[in-house]
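Before any comments, here is the structure.
Please read all numbers here as calculations on a predicted model, not as lab measurements. Just so you know, ligand 1 is whichever comes first in the structure, and atom 1 is the first atom listed for that ligand.
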Amino acid sequence: MSPASESYDHVVLIPYPNQSHINAMLQFAKRLAAHGLAATLTPTRFLLATTRIPSPGPVRLAPISDGHDAGGSAEAASVHAYLDSFERAGSRSLDDLLLEAAGPSPVRLLIFDSFLPWAGDVGRRHGIPTAAFFTQCAAVNLVYFHVRAGMVEVPVREAVELPALPRLELRDLPSFLPEGISIFPEFLDLVLNQFRDLEKVDEVLVNTVYEWEPQQIDWLRSAYPVKTVGPTIPYAYLDNRIPSGANNGFHHLSAEGSPCVAWLDVRPAASVVYVSFGSTAAPSPQQMLEVAFGLADAGKHFLWAVRSSEADMIPPGFAEEHGGSGRGLVVDWSPQLEVLAHDAVGCFVTHCGWNSTLEGMSLGVPMVAVPQWTDQPTVAKYVEDVWGVGVRAKRDEEARLVRREEVVRCVREVMEGSRSDEIRRNAAKWREAAKAAVGDGNGSSGKSTVELINKYCSKAE
Ligand code: UDP
């Protein structure tokens, strides 16, 4: 019998079908399951057929349709067309799933990715309480909230001062807003639509730590019933107890049997620069070259996750030359949590995707921020100026990239420069805050999670 049919307290989670959203919601589903609930996650059929989610653990996977079962979003004519199709086909799939569950294991709470507001309508039609799950940080959500409320006009032409946010220069704003940068109106609609009918939901969950962004959360709380539930990563990592052979979340197959951890095991503490640009950012070939030469020049050990789609952008022979000398390892996908939790890693060169940043902060790893698009510039601003856990690489604006000398400067600054001690102290402080937040039922996120369960289900263990 599947876990979902064994228990009466059943929660369904509907993620947006991409890497980071699935990771975060799967981790949260596991946390709910650890409290004794039956949790079902609904990846799209296409995603489930093409990618393995190797360790859902107690979480049941129940595929739904986005209307593109054979080809996924790439098949759709545009982002809008994809979202429309997902809304139509996804609503039907979700209807079926909820009806099917209604007899043996009625759903007590439907947690939907805030990118999919239609799922809230489905829940309401079935009389099921709903929670919107925001996978981006509170500061970024608050920027979008203000834009939607008409506090800022898009395209934004100059720095903005908005309630409960630091002054944001154009370069700090999410990339869909400033003038002169490609705005991607369809993505802008997607992020602003997170607030569509939000007043109708019963809960708003944010994958962040209250203590990291208290003003932003308090501000959002004046409008919505917000609970912070982050970081959703397994507590064992925060507690220095990395599960052996752990594989937490949605990894590409190539991460299986990954050489990363064994390679890190024989490197000195805090000696390695770990580099990753996540799953969606598309750094230009020139940018990849600059990073490669920067890593070569910095003179540190490095572990670089270069997706296969970018593999031919790094200089021919680069991996062999540096890998052969033992100074570097280039892989196409890393088990990132295990890597960031490893003592040998002393610096994380990141695109500042929210999951990566949340993972880096939760594990106390100093960062070099190299934001590419979407929410990443705002997260980079926070990394450097608000949390003080790293430095942000300056772009050569003419060339629209970060030069190799800047990569070297930032890596050295974070690992041994005048600010490195302070950065490490801050990183340790925010890590402790994350650990306290989820550590037991009394931390901010732990308490919210237990409250959530107690409110809608009959037990929270
Ligand atoms: N990730 C990973 N291995 C890699 C690169 C990324 O496991 O080599 C994971 C990472 O731990 C994170 C997610 O993929 O959970 C990336 O999410 P993020 O929000 O940082 O960036 P996005 O992919 O959405 O740009």
Salt bridge D297-R404, side-chain N to carboxylate O under 4.0 Å: no
Numbered atoms and elements of ligand 1 in range of S356, under 4.0 angstrom, heavy atoms: 18 (P), 20 (O)
Would you mind telling me if ligand 1 is within reach of the side chain of W354, the backbone, both or neither, using heavy atoms under 4.0 Å? backbone
Min heavy-atom dist R307 to ligand 1 below 4.0 Å: no
May I ask whether N23 places a heavy atom under 4.0 Å from ligand 1? yes
Minimum side-chain heavy-atom gap V273-M415 below 4.5 Å: yes
Using ring centroids (six-membered ring only for Trp), state whether W304 and Y274 fall under 6.0 Å. no
Taking the cut-offs as 6.0 angstrom to the six-membered ring centre and 45 degrees off its axis, would you call R267 and W263 a cation-pi pair? yes
Between the candidates Q19, Q136, E359, H21, which shows the shortest non-hydrogen contact distance to atom 11 (O) of ligand 1? E359
Best match, Q336, E338, Q376: closest heavy atom to atom 10 (C) of ligand 1: Q336
Is ligand 1 under 4.0 Å from a heavy atom in the side chain of A305, in the backbone, in both, or in neither? side chain
Record the part of S276 in heavy-atom contact with ligand 1 below 4.0 Å; permitted values are side chain, backbone, both and neither. side chain
Nearest neighbour of atom 23 (O) of ligand 1 from the list S334, A24, S279, G278, on a heavy-atom basis: S279
L401 backbone acceptor or donor facing Q287 side chain under 3.5 Å: no
Which ligand 1 atoms, with their elements, are less than 4.0 angstrom from a heavy-atom of G353? 18 (P), 19 (O), 20 (O), 21 (O)
Provide the full list of salt bridge (charged side-chain N to carboxylate O under 4.0 Å, His left out) pairs with a residue in residues 67-77, sequence neighbours left out, each pair given once. R45-D69
Atom pairs and distances, donor-acceptor, side-chain atoms in residues 309-322, under 3.5 Å, two or more places apart:
residue: E310; atom: OE1; partner: R307; partner atom: NE; Å: 3.1
residue: E310; atom: OE1; partner: R307; partner atom: NH2; Å: 3.0
residue: E310; atom: OE2; partner: R307; partner atom: NH2; Å: 2.9

